[in-house]
Amino acid sequence: MIGKGVRTVADNILLIDGNSITFRAFYATYTSLDRFTNSDGVHTNAIMGVNNMLDNLLASQNFDKILVAFDAGSKTFRTAKYGDYKAGRQKTPDELLEQLPLVKEMLEGHGIVHYELANYEADDIIGTLAKQADAAGDHVLVVTGDRDLTQLATDRVTVAVTKKGVTELEEYTPAYVQAKLGVTPRQIIDLKGLMGDTSDNYPGVTKVGEKTAIKLIKQFGSVEDLYAHLDDLKASKMKEHLVADHDQAVMSKDLATIRQDAPLTIGLDDIDFKGPDYEQLRAFYQRMDMRQALKRMGGQGTAPAAQVEYTELTADNLAAAMQLHAPVAFELEMLTENYHTAKVEGFVVADAEHTFVSTDTSLLQDMEFALWLGDPARQLTVFDAKRNLVAGRHLGLDLHPDFDALLASYLLNPDENSNDLGQLAREHNYDALPADEDVYGKGAKLHLPDRDVFCNHLAQKGAALLALRPRLTTELANQDETKLFTDLELPLARVLGDMEYNGISLDTAILAEMGKQLSGSLAVLEQQIYADAGHEFNLNSPKQLGVVLFEDLGLPVVKKTKTGYSTSVAVLEQLQTAHPIIQKILTYRKISKIQSTYVVGLQDAVQPDGKIHTRYLQTLTQTGRLSSVDPNMQNIPARGDGKQVRHAFVPSEPGWELFSADYSQIELRVLAHISGDAHMQEAFKEDRDIHANTAMKIFGLKSADEVTPDMRRQAKAVNFGIVYGISDFGLARNIGITRAQAKAFIAGYFEQYPQVREYMDQMVATAREQGYVETLLHRRRYLHDIHSRNFNLRSFAERTAMNTPIQGSAADIIKVAMVRMPAAVAAAHLQARMLLQVHDELIFEAPATEMDQLRDVVAGVMDAAIKLDVPLKVETNHGRTWFDAK
DNA sequence: GTTCTCACG
DNA sequence: ACGTACGTGAGAACG
């Protein structure tokens, strides 16, 4: 063993100027300061900047010792000598001050020593240690945002100064200083003596700037030698200034000199880099809401100590598995996200005592075991109920999970919806499960790992699920969301799973024929457009199209995007009269969209059974709506030429039809209900045309007869605007009026519907007070930016506070209807199947003979879903295809 | 992987 | 003074 202080190998040492780096990090993202806050409103931009810089440094080389030095306070031996030192500096912003102790805490998490010393600046600490290290033959990297520290550079000490931001560094070695300034590092002090420093507020010699100082020091070597040989200079204004300011020059040099003999209470032996305490660091990142950092850390340091003992499940010990006690964790593992097509690679079934894992899915075909697993009375905990239900159904299982960690987490906070159990568990302070990505890889590297690695991972998932269940259950109760979870979302997962599993039939012959027609039209348009442009180009490229329109053809630029000219519909419509090419491009765009996304895209999505099986994402949107992927069945064209594609959606059985039912004006009805506005409620109770009603109100008309179509159109836009969280700017832009006019409309609206204004104000106030808003069924959305000092972010949060209870409550309502629908359909002895949901609309297929009854059943369930103070209105249609059912 | 454009409620 | 309507997903281009 090597004795203390006796070292045979040079150490690699990193010394960081903590204050200066934190300041740089803070100001690097100062303009979007409020984008970086945690849920307590604490700013984190500087912490994140320092953290990123550290990560980069630590990745670039191995350090044996690291110290981050901080200033102890504004009073130092320098201020004692010269009262004005660093005087006149602006007060450090509170948003930065609050981060300094947190930066230190983060350093501790990284296992890095930090230090400060009364009366000395961080520079002096670094200077002193750098000198000691240099003498010991170690290699030192000094990192700072302050150029003054370059005076410390030697053959063994490199000074890296941040360039822009904090991650790009400029490294100063003696040779680099020489090349850049023509002096040695030590002579930088002499330069500062002559030049002074405006930011540190000391003077130097009058009229001497960098150029003159460099010339003088190159000639004389130092301030002292300069004054010793002042006689060599011929008489000049400069010489007079040098003589007059001699004392200032000497003092300034003294101030600029970084001490290398500060009375430190620590030494090189005290700054060993121990490496991070992952647990502490992870907790810190979580508290700061530093998601990227958490993600980068991944499962590092998550103790494989948390190895879960497991038994391989075989046909011989199925009986033992069936002895497991409630609650039981269950998970079907797939490597890809589309569970309609993915292979189930294995499964885990576990309770608090025992864990069984298997890669043999045929075991699930065991009748007794399948019945045991699917017993509705069994408390079964899963992660993503719908995924397990659908995949299970493919294997012949009929599961009845009573807890879903993903759904629960989503309801607690819609931001916490990671599809990775390990990551989601970490959000809830369970750290023992690595992310799937770390075990299976991703992209091209995705693979099934070695059998024991895979089984162990599955076993860990079982343990994580069991650990999460009680905490999430408690939190749901705390947030008054238990019913929302148990009675709505969990049953909905089954309903949605059935809809997806059923799928909707697509007549691909119809699409193929459409495709042929469209290809022809596109080819013709393409040639015409090339002729107008004078040359061929890629007309699907907004970039190339921009060049053609605004450079080749010289059309006026209406709007720019971040990267170039905007060529969106709004822009092209304004240019329509300017050139015949525009109309052709608009038509091309329309047809091309229909062709690529719908005609081709939908055919590609058809499964071997001739059906489309979309996946509804139940835990994605911030409002509680569903979304739909692979393919998106919620944005099939409903107007214009594109609507023709709806002809391709047909019933899956002969003699059947498609049936659709949609809520009329559900969002405005919800608004009338939750605002309690008497005027708006009256309009709905009397089933009046709400847009015409609003037109009468804001235009001050006596009767509905006076409402012109244009007034109604504008009033409709106002109604929409209200739902979105109105702004005069947005309304003005939407209907092409001035901002002043829009403002007048809004004022008129609020005068006529006074309780709507109260509701808007109340929601913003609620968001400010409690940090979140809620829907009718207590679905929550947190709005961090509501306190932001950034106007944009704050305004956005305010509009969201107004919109989310409306959009989210409408989502609650249709979800209630969906959950009740299967029982109602069965009770009426109908064969009808619910196939799709499009936010305020449900689509079914059923025998043509059932249509009349189906209308009563479906409209009845939808009407009665949630009792509001205004009636809900449901409109229905049916026909041979989706096109005809609208 | 990001940006632009456009489809839906 | 700031500069946007709310909520989504997919295809194509491009770095």
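Side chains included, hydrogens not; waters and symmetry mates left out as well; all remaining heavy atoms used. Residue numbers start from 1 in every chain, and the chains themselves are labelled A, B, ... in the order their sequence lines are given, proteins ahead of strands.
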- Side-chain donor or acceptor of Thr614(A) paired with backbone N/O of Pro631(A) under 3.5 Å: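 Such a contact is found between Thr614(A) side chain and Pro631(A) backbone.
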- Message: Determine whether a donor-acceptor pair (N or O, by modelled atom type, separation under 3.5 Å) exists between the side chain of Ser675(A) and the backbone of Tyr759(A).
- Response: no
- Contacts satisfying side chain to side chain donor-acceptor pair (under 3.5 Å) that involve residues 835-844 of chain A (not counting sequence neighbours) are Gln634(A)-Gln837(A)
Check every atom of [options] against the side chain of [X] and return the nucleotide holding the closest atom.
| X | options | answer |
| --- | --- | --- |
| Asp840(A) | dA7(B), dG9(B), dT8(C) | dG9(B) |
| Phe791(A) | dG9(C), dG9(B), dC2(C) | dC2(C) |
| Ile726(A) | dA5(C), dA13(C), dT4(C) | dA5(C) |
| Ser627(A) | dA12(C), dT5(B), dG9(C) | dG9(C) |
| Phe729(A) | dT4(C), dG9(C), dG9(B) | dT4(C) |
| Phe720(A) | dA5(C), dC14(C), dC4(B) | dA5(C) |

Assign [X] to base, sugar-phosphate, or nothing according to its heavy-atom contacts below 4.0 angstrom with the strands shown.
| X | answer |
| --- | --- |
| Arg615(A) | nothing |
| Thr567(A) | sugar-phosphate |
| Ser566(A) | sugar-phosphate |
| Ile594(A) | nothing |
| Ile636(A) | sugar-phosphate |
| Val629(A) | sugar-phosphate |
| Asn540(A) | sugar-phosphate |
| Asp630(A) | sugar-phosphate |
| Ala605(A) | nothing |
| Leu626(A) | nothing |
| Gly725(A) | nothing |
| Gln544(A) | sugar-phosphate |
| Glu667(A) | nothing |
| Val569(A) | sugar-phosphate |

- Would you check if Ile746(A) and Leu731(A) make a side-chain contact, meaning some heavy-atom pair closer than 4.5 Å?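 Sidechains of Leu731(A) and Ile746(A): in contact.
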- Task: Quick one: sort the Phe649(A) and Trp882(A) rings into parallel, tilted or perpendicular, breaks at 30° and 60°.
- Result: perpendicular
- Mind telling me whether Phe720(A) and His691(A) have parallel, tilted or perpendicular rings, with 30° and 60° as the class edges?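 His691(A) and Phe720(A): parallel rings.
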Interatomic distance where [atom1] belongs to [X] and [atom2] belongs to [N] [whole Å]:
| X | N | atom1 | atom2 | value |
| --- | --- | --- | --- | --- |
| His839(A) | dT8(C) | NE2 | P | 10 Å |
| Tyr598(A) | dC6(B) | OH | C1' | 8 Å |
| Leu539(A) | dG11(C) | CG | C1' | 14 Å |
| Tyr565(A) | dA13(C) | OH | P | 21 Å |
| Asn719(A) | dG9(B) | CG | P | 18 Å |
| Ile585(A) | dT5(B) | CD1 | P | 12 Å |
| Asn538(A) | dC4(B) | CG | P | 17 Å |
| Asn792(A) | dA5(C) | CG | P | 10 Å |

- If you count the non-hydrogen atoms of other residues, nucleotides and ligands that lie under 6.0 Å from NZ in Lys743(A), is the total more than 12? no
- How about Glu751(A): does its CD atom have over 12 heavy atoms from other parts shown lying under 6.0 Å from it?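 Not more than 12 within 6.0 Å, no.
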No-H, no-angle donor-acceptor pair, [X] side chain to [N] base, under 3.5 Å:
| X | N | result |
| --- | --- | --- |
| Asn734(A) | dA5(C) | yes |
| Ser727(A) | dT4(C) | yes |
| Arg799(A) | dT4(C) | yes |
| Asn635(A) | dA7(B) | yes |

- Item | Secondary-structure notation, DNA chain C, from Watson-Crick and G-U pairs under 3.5 angstrom (| other strand) | .....|||||||||.
- Query: How do Lys543(A) and Arg739(A) order along DNA chain C: which one's closest nucleotide is nearer the 5' end?
  - Reply: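 Nearest-nucleotide comparison on DNA chain C picks Arg739(A).
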- How far does the P atom of dC4(B) sit from the matching atom of dT4(C), given to the nearest Å? 13 Å
- Message: Give me the distance, rounded to whole Å, that separates dC8(B) from dG3(C) when you measure between the C1' atoms they each carry.
- Response: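 26 Å, rounded to whole Å.
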- Query: Can a cation-pi geometry be assigned to Lys697(A) and Tyr753(A), taking NZ or CZ under 6.0 Å from the six-membered ring centre and within 45° of the ring axis?
  - Reply: yes
Using only side-chain N and O atoms of [X], determine if any of them is under 4.0 Å from OP1 or OP2 of [N].
| X | N | answer |
| --- | --- | --- |
| Arg625(A) | dT8(C) | no |
| Arg639(A) | dA7(B) | no |
| Thr563(A) | dC4(B) | yes |
| Arg589(A) | dC6(B) | yes |
| Thr561(A) | dC4(B) | yes |

- Message: Please give me every residue in residues 807-814 of chain A whose heavy atoms get under 4.0 Å of an atom in DNA chain C, ordered by residue number.
- Response: Gln807(A)
- Message: Check for me: is Phe796(A) stacked on dT4(C) by the 5.5 Å centroid and 30° plane-angle rule?
- Response: no
Between [X] and [Y], does any side-chain donor sit less than 3.5 Å from a side-chain acceptor?
| X | Y | value |
| --- | --- | --- |
| Tyr410(A) | Gln618(A) | no |
| Asp552(A) | His535(A) | yes |
| Gln807(A) | Glu667(A) | no |

- Salt bridge check: are Glu798(A) and Arg768(A) linked by an N-O gap of less than 4.0 Å? yes
- Task: Could you tell me whether Arg713(A) and Asp710(A) have a side-chain N and a carboxylate O separated by less than 4.0 Å?
- Result: yes
